[in-house]
Amino acid sequence: MISIAEQLKDLFSQALVAFMGEEGRNVDPLIRPAGEERFGDYQSNVAMSLAKRLGAKPRDVAAKIREHLLAEPTATELCESFALAGPGFINIRLSAGWMAGQLAAIPAAAPRGADRLGIEPVAAPQTVVVDYSSPNIAKQMHVGHLRSTIIGDVIARVIGFEGHRVIRQNHVGDWGTQFGVLCAHLKEKMPTALDRPADVHLADLEAFYREASLRDEEDAAFHERARAEVVALHNQDESTLRAWRYIVDESRRHYLPVYQRLGVLLTQADERGESFYADRLADVVAWFERARQITAPAGLFPDGAMLRVEESDGALCIFFVTASGEPMFKNPQGKPFPMIVRKSDGAFLYATTDLAAVRFRVFELGADRVIYVTDARQAQHFEMVFTAVRAAGWTSREAGSAEVKLDHVTFGTILGEDRKPLKTRSGENVRLADLLDEAVRRAEAMIRANEADPDKRRGFSEAEIRDVAEAVGIGAVKYADLSQNRQVDYVFSWDRMLAMEGNTAPYLMYAYARIRSIYRKGAGDNRGEWSVESGDRGQATEDRKQATGVVITLTEPAERMLGRQILRFAETIESVAAGLRINLLTDYLYELAGLFMKFYEQCPVLRAGTDEVRASRLRLCDLTARTMRSGLDLLGIRVVERM
RNA sequence: GCGCCCGUAGCUCAGCAGGAUAGAGCACCGGUUUCCUAAACCGGGGGUCACAGGUUCGAAUCCUGUCGGGCGCGCCA
């Protein structure tokens, strides 16, 4: 299936060619969803944009285009009417019969995660590297890691759904000076960890890190030993490597369960930390040192900007200069602000690692696109890295080949209700594990309160209560974040994210559970073919029959709106992927759930007047549920059968 | 000082590849349950889209400036 918007675009393109010749092929038909329901389903604004160019009145242009549309059988099959309105809008009303046919043609369900709802993968798949989460490994994961982890995960899923080859890269901080400190501290405080690493565990990584840092600050002799450990680490000293490995392994024991609980796809196999690039850094720096001066290839920047590689105060720097000799970046003193790639003491920094990582991703992983999901504060850093590698020619694998696209996806800070960065009462970072515990605890309390109310009781078992609480709690935290425009800071609020009203995970999950309930009630004579597999836990599918033979009718307004919304899933994913704007997907799902609720109120399913209507409505329920499940799955959020 | 992001209803936020009378949720007021999950649904009030110019047939959306807020700006990441 191709999205409705794409199909309309094609129809209008044909009409524009018929109207104005080949030139019309390059005109964007400006298809948009109708601004208001009474105007129809979609509208084209092309006539007004064309009028001046053609020296004609917009209404006349619109009328001409409409004539050509009406002469095209495909157009009249898809659309019931093309109406001229206002200054020159063409209002499009889709044919209910055509929409019903599109819906009926959606193939039977595949298991969760593989259900495409008939949506075709892209014709030309790319290799896309998504760099996300990337915690500093020696510390416990905290709220600061939440957004990168879940936003990046959704981007990876959406791009994968589109049909691209996705390579996840968890660029963990597992190298650098802090590891010297940690290794030195470990060797002295827990020598047994080196001999029997499997038997000794660090209960509190954060405390260990703090202890070590404190000693480093206060104890000069220790500080020296820590520096020596950094050198030993770089020189592959066996005992230091053992200490380092121990710390990295212990860290994994803490963060991998957090990933699993969050329902993100990252595994240990996706981990490609700073240490991985350690032995490539010298070469990267040598490359720039040899180049000395690089003029950017034409078209990359305005007017041939260049890089100058120079030592400054003993550090090796890349300076960015415009064609007119002005620095592209300045420090507060107005002096050129460079990217330092080697410190005066000879050590490398994160900029060096990032340069090495681009080179690795482009030339060894074969990336056509690299997406970095890190907070907005690093925008300037990545601007520099991207500028440098583009100028260096590292963004095209061979001369003349397509530029590798580099995207920095930024996001704001999570704030407390006091509008300051979210902290615990004692002013510390909120641990992610604690945050998730709290979310589940609150969800569980809500469920238990309902179970205590005779009118609301579902009769859940203890296991079900815990399972639903887990899904609702985690889902709420993720959804609240993902439904924001990611660029802005966002205010964290338990009450809002766990509310049943409004654009929240519990609301969507409730809508899904309602659909499921219909099927439980109507079990035995599933004319609508319940084809959605239940939740995560891999419950067997008794019935996954091909849903052929069911005729869908969209007569009631609520049916028509619901059906149309289901068909818009394809174009929603297109928009999400195009702008990496996840909240377009949450908005879509919220609207879908709302339209289902209205349908549910207005159109009896099991008690429908005729068998045909009943079967048609069951099929609409089925498609709604599958779309919701797939959409939530792209958000990494699990659905439950009952709530 | 320079750069990036932001300013939309009392609150939290959508909308910003220009398009018709600017939308949700919360809060507030009112209604709906012999009927498939009322954790729901329906209705109502509430706006100088920070401000001022400009481009355009048309601007919350694009451009310029002002004000206000956040973040970044040399050897941490």
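By convention in this document, chain letters (A, B, ...) are assigned in the order of the sequence lines, proteins followed by strands, and residues within each chain are numbered from 1. Quantities reported herein were computed from a predicted structural model and do not represent experimental measurements.
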*Donor-acceptor side-chain pairing of A/N136 and A/H145 below 3.5 angstrom*: no
*Test for a donor-acceptor pair under 3.5 Å between the base of B/A77 and the side chain of A/D375, counting only N and O atoms.*
no
*Can you check whether any acceptor in the base of B/U21 is under 3.5 Å from a donor in the side chain of A/R38, or vice versa?*
yes
Measure [atom1]/[X] against [atom2]/[N] and give the value in whole Å, please.
X      : N     : atom1 : atom2 : answer
A/E417 : B/C13 : CD    : P     : 10 Å
A/N91  : B/A20 : CG    : P     : 11 Å
A/M48  : B/C57 : CE    : P     : 13 Å
A/R59  : B/G58 : CZ    : P     : 18 Å
A/F179 : B/A77 : CZ    : C1'   : 12 Å
A/F411 : B/C4  : CZ    : C1'   : 16 Å
A/L595 : B/C41 : CG    : P     : 11 Å
A/D495 : B/C11 : CG    : C1'   : 13 Å

Using a 4.0 Å heavy-atom cut-off across all strands, classify [X] as base, sugar-phosphate, or nothing.
X      : answer
A/V605 : base
A/Y507 : sugar-phosphate
A/Q602 : nothing
A/N450 : base

Please determine whether a side-chain nitrogen or oxygen atom of [X] lies at a distance below 4.0 Å from atom OP1 or OP2 of [N].
X      : N     : result
A/Q487 : B/C6  : yes
A/N485 : B/C16 : no
A/R581 : B/C16 : yes
A/R419 : B/U12 : yes
A/Y490 : B/A14 : no
A/R32  : B/G18 : yes

_So, applying side-chain hydrogen bond (donor to acceptor under 3.5 Å, both in side chains) with A/E444, which one of A/R448, A/R442, A/R441 is it?_
A/R448
How long is the span from the [atom1] atom in [X] to the [atom2] atom in [Y], to the nearest 0.5 Å?
X      : Y      : atom1 : atom2 : value
A/E591 : A/N503 : CD    : CG    : 10.0 Å
A/L316 : A/S344 : CG    : OG    : 11.5 Å
A/R93  : A/S81  : CZ    : OG    : 7.0 Å

Residues 405-419 of chain A, side-chain donor-acceptor partners within the protein, below 3.5 Å, at least two apart:
residue, atom, partner, partner atom, Å
A/D407, OD2, A/R369, NE, 2.8
A/D407, OD2, A/R369, NH2, 3.0
A/H408, NE2, A/T374, O, 3.3
A/H408, NE2, A/T374, OG1, 2.7
A/D418, OD1, A/K420, N, 3.0

*Mark up nucleotides 24-33 of chain B, 5' to 3', with B wherever a protein heavy atom is under 4.0 angstrom from a base atom, S wherever such an atom reaches only the sugar-phosphate, and - elsewhere.*
SSS-------
*Could you please spell out the steps behind the salt bridge (charged side-chain N to carboxylate O under 4.0 Å, His left out) verdict for A/R147 and A/D481?*
CA-CA 7 Å; A/R147 300 200 83 183; A/D481 198 322; 2.8 Å; yes
_Is it the case that atom CZ in A/R227 sees more than 12 heavy atoms from other parts of the structure closer than 6.0 Å?_
no
[M] and [N], which share atom name [atom1], separated by this distance in whole Å:
N     : M     : atom1 : value
B/A9  : B/A22 : C1'   : 11 Å
B/G23 : B/U48 : P     : 15 Å
B/U64 : B/U55 : P     : 15 Å
B/A17 : B/U61 : C1'   : 10 Å
B/A50 : B/C6  : P     : 12 Å
B/C4  : B/U66 : P     : 14 Å
B/G46 : B/A52 : P     : 23 Å
B/U32 : B/C71 : C1'   : 49 Å

Is [X] salt-bridged to [Y], going by a charged N under 4.0 Å from an acidic O?
X      : Y      : answer
A/R486 : A/D375 : no
A/E289 : A/R342 : yes
A/R614 : A/D611 : no

Which of these nucleotides, [options], is closest to any side-chain atom of [X]?
X      : options             : result
A/M446 : B/G70, B/A40, B/A39 : B/A39
A/S517 : B/C36, B/A14, B/A39 : B/C36
A/F89  : B/A20, B/C36, B/C41 : B/A20

*Find the runs of at least 3 consecutive base pairs, i with j, i+1 with j-1 and so on, that include RNA chain B, using Watson-Crick or G-U wobble geometry with both distances under 3.5 Å.*
B:1-7 with B:67-73, B:10-13 with B:23-26, B:28-32 with B:40-44, B:50-54 with B:62-66
*Single hit among A/Y277, A/Y132, A/F276, A/Y372 for ring pair (Phe, Tyr, Trp, His ring centres under 6.0 Å) with A/H171*: A/Y277
*asked:* Could you check whether A/R568 makes a cation-pi contact with A/Y42, meaning its NZ or CZ is under 6.0 Å from the centre of the six-membered ring and within 45° of the ring axis?
replied: yes
*Does the ring of A/Y510 meet both stacking tests against the six-membered base ring of B/A39: centre distance under 5.5 Å and plane angle under 30°?*
no
Within the sub-3.5 Å range, which N or O atoms of nucleotides 7-9 of chain B have a protein N or O partner, and how far apart are they?
none

*What's the verdict on side chain to side chain donor-acceptor pair (under 3.5 Å) for A/T353 and A/E274, showing C-alpha distance, side-chain angles and the deciding distance?*
CA-CA 7 Å; A/T353 310; A/E274 292 172 341; 5.4 Å; no
*With sequence neighbours excluded, what pairs up with A/Y588 under the ring-ring contact (aromatic ring centres under 6.0 Å, His included) test?*
A/F569
Nucleotides 73-76 of chain B: which of its N/O atoms have a protein N/O under 3.5 Å away?
residue, atom, partner, partner atom, Å
B/G74, N7, A/N331, ND2, 3.4
B/G74, N1, A/S312, OG, 2.9
B/G74, N2, A/S312, O, 3.2
B/G74, N2, A/S312, OG, 3.1
B/C75, O2, A/S344, N, 2.9
B/C75, N4, A/D313, O, 3.0
B/C76, OP2, A/K343, NZ, 2.4

*Would you name the heavy atoms of A/G40 and A/A34 that are closest together and state the gap between them?*
O-CB, 3.3 Å
